[in-house]
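The structure presented is a predicted model; accordingly, all values stated were derived computationally and were not measured. Just so we're on the same page: letters track the sequence lines, and every chain starts at 1.
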Amino acid sequence: MRIATWNVNSIRSRIDRAVGVLERHDLDVLLLQETKCRDDQFPEMPLSAAGYEVAMHGLNQWNGVAIISRVGLEDVTIGFPGMPSYGEPPVAEARAIGATCGGVRVWSLYVPNGREIGHAHYAYKLDWLTRLRDVAAGWLADDPQAQVVLAGDWNIAPLDEDVWDMAFFEGKTHVTDPERAAFRAVVDAGYADLVRPYTPGPGTYTYWDYTQLSFPKRRGMRIDFALGTPALAARVTDASIDREERKGKGASDHAPVIVTLAD
DNA sequence: ATGGTCGGTCGCCGA
């Protein structure tokens, strides 16, 4: 079984590339973030034609998450229990969708960006991660054998080597101690990084800013992760980052991250 | 080539 996560940065503008990713990697499940459309705007037909079911959650042009599966798509959950809202008045955003696919409980997660240190969005990001940690820890406590994947755009570079230049990120989000602690808390709750052991750094990234020729200059960040419970981690036989997908006209600014599981 | 981002949407926001 092969599962991938990808911040697609608009599924409508990249549906052909999405089908290409599914086929190229022979994916069973693809978790998308930043679909940037309402459910009624989601281009489902090309995916159905390729043999996949789709569960999507999009409220407007912002955020949006989806799960694409050819191994079943059951018990779809929109948002996770206790997921914080944002704004005035507070609104639940389209940042999390879960489903059971081929016996694995998968979550497509789009962690809030944080914008700037001290911004309300930054506090929202930390709260969102804390709530996610709490609920995910509960799932594992309820069933130590649970096979759960928490994957998506975490908007955090957990290690110094996960950014191209720490000096550049001085005073910026994604690398601060509280953000890293929030990410580490999920790991400490029992959710291991499934990908890093197969894609060691430094210089291994999943995201490159569109501006300043970041990609050809290899100025990226590792901020997209697939974490998994012990029972799930024990099944991983390989993982990779599809850097090729970042190339060429019409690429997302994120690369797909792929995990292969033993049957 | 002395500058060089996208997408959604149409004056900007968000990333």
message: Reading DNA chain B from 5' onward, which residue's closest nucleotide shows up sooner: A/Gln61 or A/Asn155?
response: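 Result: A/Gln61.
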field: 5' priority, DNA chain B, between A/Asp153 and A/Arg38 [closest heavy atom]
entry: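 Nearest-nucleotide comparison on DNA chain B picks A/Arg38.
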task: Counting heavy atoms from C-beta on, name the nucleotide in B/dG7, B/dT5, B/dA15 closest to the side chain of A/Asn113.
output: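 Nearest nucleotide to the side chain: B/dA15.
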Spacing of [X] atom [atom1] relative to [N] atom [atom2], expressed in whole Å:
X        : N      : atom1 : atom2 : result
A/Glu34  : B/dG14 : CD    : P     : 13 Å
A/Gln212 : B/dA15 : CD    : P     : 19 Å
A/Trp208 : B/dC6  : CH2   : C1'   : 16 Å
A/Lys247 : B/dC6  : NZ    : C1'   : 20 Å
A/Asp209 : B/dC6  : CG    : P     : 10 Å
A/Trp62  : B/dG8  : CH2   : P     : 10 Å
A/Asn60  : B/dC13 : CG    : C1'   : 12 Å
A/Lys36  : B/dC13 : NZ    : P     : 15 Å

- prompt: If every non-hydrogen atom of A/Pro158 is compared with every non-hydrogen atom of A/Phe225, which pair is closest and at what distance?
  reply: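 It is CD-CZ, 3.3 Å.
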query: Which heavy atom in A/Met83 sits nearest to a heavy atom in A/Ala92, and how many Å separate them?
result: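 What the structure gives for the nearest pair is CE-CB, 4.3 Å.
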So, is [X] close to the [N] phosphate, meaning a side-chain N or O under 4.0 Å from OP1 or OP2?
X        : N      : result
A/Arg12  : B/dC6  : no
A/Ser10  : B/dG8  : yes
A/Arg115 : B/dA15 : yes

message: Would the distance check show the side chain of A/Arg17 and the main-chain N or O of A/Glu245 forming a donor-acceptor pair, the cut-off being under 3.5 Å?
response: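 Judged by distance alone, yes, a pair lies under 3.5 Å.
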message: Need one value for A/Arg14: base, sugar-phosphate or nothing, where a base atom within 4.0 Å counts as base even if backbone is also close, heavy atoms only.
response: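 Sugar-phosphate only.
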- prompt: Is A/Tyr110 touching bases, backbone alone, or none of the nucleic acid, heavy atoms closer than 4.0 Å?
  reply: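 It contacts sugar-phosphate atoms only.
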Using the [atom1] atom in both, what is the distance from [N] to [M], to the nearest Å?
N      : M      : atom1 : value
B/dG11 : B/dG7  : C1'   : 15 Å
B/dC10 : B/dG14 : P     : 14 Å
B/dG3  : B/dT9  : P     : 33 Å

Heavy-atom side-chain contact between A/Leu59 and A/Glu93 under 4.5 Å: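 When only atoms from C-beta onward are counted, A/Glu93 and A/Leu59 do not touch, as no gap falls below 4.5 Å.
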- prompt: Between A/Phe80 and A/Trp128, does the ring centre distance come in under 6.0 Å?
  reply: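 Aromatic pair counts; centres sit under 6.0 Å.
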